[in-house]
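To start, the structure under review is shown below, and the notes come after it.
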Amino acid sequence: MSVIIQADGLCRNFGGLQAVDSVSFSVNEGEIFGLIGPNGAGKTTLFNLITGLTPVSSGSFSYQGRAITGLPPHRIAGQGIARTFQNIRLFKGLSVLENVRISQHACTRTGLFSGILGLPASRREEREVEEKAWEILKLIGLSGRAAELAGNLAYGDQRRLEIGRALALQPKVLLLDEPAAGMNAAEKQSLTGFIREVRELFHVTMLLIEHHVPLVMGLCDRILVLHFGSMIALGDPAAVQQDQAVIEAYLGAE
Amino acid sequence: MKFAAVVTLVVTLFAGAAGAENVSKPIPIGIAVAQTSNVALFGQEQMNGAKVAEKYFNISGINGTPIKLISQDTGGDEAGAINAFQNLVSKEKVVGIVGPTLSQQAFAADPVANRLKVPVIAPSNTAKGIPQIGEFVGRVSAPVAKVAPFAVTQALKLNPAIKRVAILYAQNDAFCSSETTIFQQAVKRQKLEIATLQKFMTTDTDFTTQATAVLRAKADLVIISGLAADGGNLVKQLRQLGYKGTIIGGNGFNTTNVFPVCGKNCEGILVAQAYSPLAQNPLNKAFVDEYRRTFIKDPPQFAAQSFTAIQLIVEGLRKVEIATKKKITQLDLATVRVELNKALRKGSYMTPLGEISLDAEGDINQHSFYVSKIKMDISGKVGVFAIVSVVK
Amino acid sequence: MYTGEYLQNILNGISIGSVYAIFALGYTLVFSILGIINFAHGAVFTLGAYLTYSLAVGHFGIGGLLADMQVPFRLSFPLSLLLGSLLSGVFGVLIERCAFRPLRLRGADPLLALVSSLGVALVTINVIQYLVGSEIYSFPSEVYGDIRPAFTFQRGDTTIVLRTVQLIIFAVNMTVLVLLRYLISCTRVGKALRAVAENSSTASLLGINVDRFILYTFFLSGFLGGMAGGLVGTSFGIAGPYFGVSYGLKGLAVIVLGGLGSIPGAVLGGMVIGLAEAFVPSDYSAYKEAVAFAYLFTMLLICPRGLLGRATIEKV
Amino acid sequence: MEGFLQNYGFLLVTLLQQSLLAFSLYFPLMAGQLSLASPGFYALGGYIAAIMSTAPECTPLREKLGTGIYPLEWLAAGLISGVLALVIGISALRLRGIYLALATIAFVEILRVICLNLEITGGAIGIFDIPQLFAERWSYGLIFGPLLLLTLLFVYRLENSRTGRALKAIREDELAAGAMGIHTTYYKVLAFVIGAVLAGIVGAMSAPFLNTWNARQGTFDASISYLAYVLIGGSRSMWGPLLGAVLLASLPELLRPLKDARLIINGMVLVVASIYLPQGIVGALGRLKRCVVKNTSPMGGER
C-alpha cells in the first residue's frame, strides 16, 4: 500500500492560540483514517490546512508524493482532495442537481465562449456532467428530489448531498468533517454502510472526523487522536482505545 | 438584425401619415429648465422670469390671442433635457422652446429641436458653440468673453495702483472655468501680474487654503469666478481673514442670492453684468415692478434672460402674423415654427437687457453692459447692485 | 512649504477632519450594529444643517412651499444646533423604522437596505427642496455673538490664521468624543450596545431588547450626522438641499480608512483625510475631491480592515 | 408610428440603454460581487468614443473609416474598459462584500474627478457636438436593441454553462466553491470584466446618442440606480435587470405630470419596492405563479 497523504510537522496558530501543533502522519491509499479528539482539539483546523482554506504556519504536507503546501483551495481540490463541512455548506439557493453539477467543475474544461456558443465539445461535456450527476444522485438516494433547493432538504439528506457533492469531484481523497453529527442511531447505522459502499465504489481514501466513538471504531482502519492541537496517539482502533493518554484526555475533557 | 428590419419597414409604411395641424389656442410656448436636481437653483429663477413674462405679454397677447407657458422639468442631466424637449415638441406642440438651464444639456437637447425645426432660445447657455448647434438655436445670454473684461477695466479706473492680481475659480463648473480664462486674458492685456491662481469646487465650503494663499501673494485685486454660494462664501472668508483690496466677482455673483451668503462682506464687490434691475428702460421697469410684486425681491439675471427669451418669441410671433397676414392659430404648426425662427433673427428688440438682436447664427448682440458695485445696507442683509458705469 | 504654511495646513486639516469624524461616527455606529451602510446619512446631514439654520434664523423657508413661514422664536446658536441635532436624531429613528426595520424583519438581502436607504435619501432631499426651495441659504455671520471671526498670529513673515469656527468645531468634536466614549464604555446602555454589535442573537438571548437598541443607535447616528451638518453649515456659512451629497460619500472613505465599525477608527480616519486634503498643493486643488477616495482605494488594497479595524475569522 | 417614435423613441432607447447598464452590474452580482463600478466604465467608454469622434488627431482615421469608426469605438471602449477592469479586478476582488462595493465607489469618484480636470476630456463642460451615427434618436435603438438581445442571449447561455454554474456557486458560498475546485478569483474577475466591457461599449454607443459627454455621466447616484434596477427587478433571474430597468427608468418620465414632486415619489417607490418585493419583481411573479398553481392543482397543500 502506498502513502497518499504525508504530513510533516504541521503547525498553525491563531494569535496566541496553537490550534495545530507539529502534527505528522501519513495516510495510506484506500484507508479510512479517523481523526478524533475533544472539542477544540484542532481537527477541523487540520482539515482546513490540508484543503488550503487556512494557510499553514509551518510544516508541510504532500499528496501522492508532491508537495501541495500553500496551494490555493481550488488547486488542491482539483488534484483530487474533496471535503465536506462540519456545519454543512451546500449551495443552499441552488437545486440539488445543480449542487452536484457544480462540483464537477475541476473535471471539466469548457471555457466561457465554448459554453456560450454551445460548441460540440462543450455539449458533449455537458451531457457527461448531467449523466454523472444523476448517477451520484441515485447513489445518495436523492434522485427523486433533484429539482428541489438544497436548503430545503431535511438535515440528514443535506449531509448525504454534501458527500455526494464531494464525490462528484471524483476525488482520490475524501475528507468528511463529522458526517454523523446530529443524526439518530438508525441514521448513523445507515451512514456507516454508506461510507463503506462509497469506498468500494469509488476506491477513495477517506479522512474522517467524528465524535461518535463506536462509529469511528467500527469504520476506521487507523485513528489519529488530537488534544489541544497536539498528536497524542496514532494507531489501529484497538490500540488507540487502550492508550493511556487518550483515556486521560477524554476523561479530563468530561 | 431582424428587429431592425421590421422597425425600418413599419416606419417606412407609416411615414408621411402625420397630417398638418394648426397651432392650438392659447399659443403654447415651451419652457424646459431644471426644476429638480442641484441645478434647480437656477431653473427656478428662470421659471419665475418666464411666468412674469407670460402674465405681462398676455395683457395684449399676439394681437389678441393669448399665449400659454408649458413647462417641462429637465432635471440636471442630459437625458432629462432631451425628454423634456421631446415632450414639448411632440406632445405639447409648442411653437418654440426656452431652455435648457445648462450648456451641457443644450448640447444634448438642442439638436432634437433643431432636427424637428422648432426654434430654441437659450436663456442661460453661455458656452462656445451653442448657436452653432443649428439654425433653429439662438440665445439671449451673452457669451462670457463679452461681459467679463469690463469689470477689470473698471477696477483699474477706480484704483490705478493695482498691480498684483489673484484669480480664483470653481474648477468643476463649466461656466466658471471658461469665464476665468477670459479674466486671465483681460488681466494680461492690462499688463497686470497674476500673483496666484487658485482653484476650488462649487461644492467646497471651506476656503481657508485659498484665502491664505491670496493673503500670502499680497494681491491687491482678487477675481473670483464662482457661483453665488461658493463665491460669496469665499469672499466672506477672504474678508474675515483680513483681505482689504478690491474684489471682482464673475457672472455667478450677479444675483441677489449672494447677499445673504457674504452679508456685510459683500460690500464693494465689482460685478460686470449683462443685466441690471436698475437699468433705465421702460420695459425693464415694468418687468422689475411685476417681479417684485410677485416674488418680493429684485429679479436676478437668470429671470431677466428667460423673460427676454419669452419676449423674443412673443414679438417674433407678432412679426409672423404681420408677414403672413394671418392669425397664428390659422397657420399650421410647422410653418409657424419655421417662420418664427426666421422672424426671431430679424430686427432688434428692446428688452430688460437693453437693446438686443440675434445675428444670423442666432447669437446675441447685446448693446449695453453694466459694471456694478455691491452696496449693502446697515443690517448687512439687503444689498443692491449700484451701477458704476454703463458700457455701450 | 515653510513652517507657517505647514502649521496652517495642520490647523485647517484638523478642523475639517473633526467634522468628517463627527459625521463618520454616525455611519460607523450603524454599521457596527447592523453591518449595513446607511446611504441616507448624507441626507440627515443636510437636514441637520437646515434645522439648525431655521431655528437660529427664525424662518422655515427660503423659497418653496414654506417660503413665507416664520418660526415664532429665534434660538441662540448652541441651542439651535442642539435642537437641530436632536430632531435629526428623531429623523434617524424614522429612517430605521421606514427603511431598515421592515427589511430586517423579513430577513431580506442586505443589499436591499442600500436601495431603500437611498430611496429615503432621495425623498428627504427632494422634500426639503420642495418645501424650502432649491436656494442655497446662508447662516448669518453673527451666530457666535461678538466673538471675532478670526485670530491672526504673526511673527516675521509667518502668518497663521485661526478662525473661531475652527476652534468651535474642534471643541465640539472633542466633547462629542468624550461623551460617546463615556456612553459606550461606562454606561449600561453602552454595554448593551456593544453586546448587540458583537452578536445580536446572543444579545437577545441575554434579555437585551435588540430592537430598542437598534433604535438608540439610529438616534445617535442621526444626532451626530445632523450635528455635523449644523456645524459645517454654521461655520462655512452656507447650506442647501444638495449639501450632504459630497459629505455622504466622503464619510464612506473615512470609515473604511479607520476601519468599518470602529469608533476611534472613524475619528482617526476623519483626521487623516482632513489633513490629507489640507496638504494638497493649491496647484492640484481641483483633485482635492479625489484625495479621500484615493486613500480609500489604497487602503482597501493594502489593508482592507482599515487602520483600527478588527480581523474577522470566518468559521468553517 | 413616426409620431410615436418621435414622442417616445428617445425614452425607449434610454430604457434599452439602462437595461444594458443594469446587466453590467448583474454580471458581477451573479458571482455575488457587489460592484458599483459600472458608471465608471460607462463614462470611460463614452469619453473614448467622444474623443475618437471629435479629436483632431483622429481625423485621418475618421476619414479613412467613415461610419466604420463607430464599431471601432465600441471595440476600443470595450477593450480599454476590459483591461482596466482586469487590473482593478485582480487587486480589488480579494475584497468581499461591502468592501468591494466601496472600492468600486472610490474608483468611480476618482475617475470622475480626473475627467473633470483633464484637457482631453474637455474639463467641466466636457466634449460636445459629437458626430451622429443616426439622424433620429430612436434609430439608436438599432444598435442598443441588438446589443441587448445579444446580452440576453449571452446571459441565458451563461446561466446554463459551466462558467455560469461556477459564478452561482461563488455567489452561494465562496469558500465552499473554492473547496469544490472552483478558482474563485478567476471567475470573480471574469464576471467583473464582462460587466465592465459591456458598460464600456454602452458608454461608447451613448456618446453620439446624447451628443455630448461630460464628467456627470458616471456618478455614484447612477451606480445605485443600476443596483436598484437589478435588485428590484430580481437579482436571481436574467429577466430581473431587464424588468427593473424598464420600470424604474421610465418611472420619472411617467411621473412627469407631478413636476417637482416626481423625485419624491420616485424615492418612495424605491423604499416600498425594497420592502415589499424582497425577491424582486421576478421573484414576486414567481411566487404568485406558484400560488396559483398550488391552489388549482388537486394535490395542493401537499409537501
Side-chain angles (χ1 to χ4, degrees), chain C residues 31 35-37 39 64 98-103 105-127 129-130 134 245-246 248-250 252-253 255-256 260 284 286-301 304-306 314 316, chain D residues 29 34 36 88 91-92 94-114 116-117 123-124 174-176 179 219-221 224-225 227-232 235-236 259-280:
Chain C
F31 187 86
I36 283 175
I37 285 178
F39 275 135
C98 296
F100 288 96
R101 190 157 182 271
L103 289 175
L105 292 183
R106 281 162 185 267
D109 188 343
L111 290 185
L112 274 172
L114 298 185
V115 175
S116 70
S117 63
L118 198 91
V120 170
L122 202 62
V123 172
T124 313
I125 290 176
N126 281 288
V127 165
Q129 187 165 9
Y130 192 68
S134 346
V245 176
S246 68
L249 275 180
K250 255 183 217 170
L252 288 178
I255 54 172
V256 175
L260 272 176
Y284 296 96
Y287 287 95
K288 208 166 100 177
E289 274 207 337
V291 166
F293 297 100
Y295 267 72
L296 165 65
F297 201 73
T298 324
M299 185 48 121
L300 282 173
L301 296 188
R305 281 178 285 116
E314 197 173 356
V316 180
Chain D
L29 212 58
L34 175 58
L36 298 177
I88 293 174
S91 39
R94 295 178 300 130
L95 306 169
R96 287 188 190 178
I98 199 72
Y99 287 97
L100 173 66
L102 294 172
T104 51
I105 291 176
F107 159 72
V108 172
E109 280 296 300
I110 292 170
L111 193 74
R112 184 178 69 84
V113 175
I114 289 176
L116 198 58
N117 285 292
E174 189 173 337
L175 195 132
T219 60
F220 167 73
D221 289 355
I224 299 291
S225 308
L227 179 65
Y229 296 162
V230 177
L231 291 183
I232 290 183
S235 61
R236 283 176 168 258
K259 303 237 156 129
D260 47 353
R262 65 191 176 127
L263 293 184
I264 302 177
I265 308 292
N266 200 11
M268 284 178 181
V269 169
L270 287 186
V271 179
V272 172
S274 352
I275 293 171
Y276 291 104
L277 300 169
Q279 307 293 321

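The structure displayed is predicted, hence computed values, not measured ones. First the proteins, then the strands, lettered A, B, ... as listed; each starts at 1.
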Go through L114(C) and L231(D) one step at a time and tell me if the side chain to side chain contact (heavy atoms under 4.5 Å, CB included) criterion holds. CA-CA 10 Å; L114(C) 298 185; L231(D) 291 183; over 6 Å; no
Ring pair (Phe, Tyr, Trp, His ring centres under 6.0 Å) between F220(D) and F293(C), intermediate numbers included: CA-CA 12 Å; F220(D) 167 73; F293(C) 297 100; 9.1 Å; no
Let's go through I105(D) and L296(C) carefully: what are the C-alpha distance in whole Å and the side-chain angles of both, what is the deciding distance for side chain to side chain contact (heavy atoms under 4.5 Å, CB included) to 0.1 Å, and is it a yes or a no? CA-CA 10 Å; I105(D) 291 176; L296(C) 165 65; 5.7 Å; no
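With values rounded to the nearest 0.5 angstrom, Y99(D) atom OH is found 10.5 Å from M299(C) atom CE. Interatomic distance, L277(D) CG to L112(C) CG, rounded to the nearest 0.5 Å: 9.0 Å. The line from CD of Q129(C) to CG of L263(D) is 8.0 Å long, rounded to the nearest 0.5 Å. T124(C) contributes atom OG1, which lies 10.0 Å from atom CD1 of I264(D) (distance to the nearest 0.5 angstrom). Here the OG atom belonging to S274(D) is positioned 10.5 Å from the CG atom belonging to D109(C), to the nearest 0.5 angstrom.
Only the side chain of L252(C) comes within contact range of chain D, with heavy atoms under 4.5 Å apart. At a 4.5 Å heavy-atom cutoff, the contact between F31(C) and chain D is made by side-chain atoms alone. For a residue to count as touching a neighbouring chain, one of its non-hydrogen atoms must lie under 4.5 Å from one of that chain's; by this rule V120(C) touches chain D with backbone and side chain alike. Heavy atoms of A294(C) lying under 4.5 Å from chain D belong to its backbone as well as its side chain. Of the two parts of I98(D), only the side chain, counted from C-beta on, holds a non-hydrogen atom closer than 4.5 Å to a non-hydrogen atom of chain C. Interface residue L111(C): backbone and side-chain heavy atoms are both found under 4.5 Å from chain D. With a 4.5 angstrom heavy-atom cutoff, I114(D) touches chain C via backbone and side-chain atoms both. Using a 4.5 Å cut-off between heavy atoms, Y287(C) contacts chain D through both its backbone and its side chain. Proximity to chain C (any heavy atom under 4.5 Å) is shown, for I275(D), by both the backbone and the side chain. Looking at L301(C), both its backbone and its side chain come within 4.5 Å of chain D, counting heavy atoms on both sides.
Between chain C and the options R262(D), E109(D), M268(D), heavy-atom pairs under 4.5 Å are most frequent for E109(D). Taking chain C as the reference chain and counting heavy-atom pairs below 4.5 Å, the highest number among L29(D), I110(D), V269(D) is found for I110(D). Among N117(D), L111(D), V271(D), the residue with the largest count of heavy-atom pairs under 4.5 Å with chain C is N117(D).
Summarising the geometry of L102(D) relative to L300(C), their closest heavy-atom pair is C-CD1, 4.1 Å, with the distance given to 0.1 Å.
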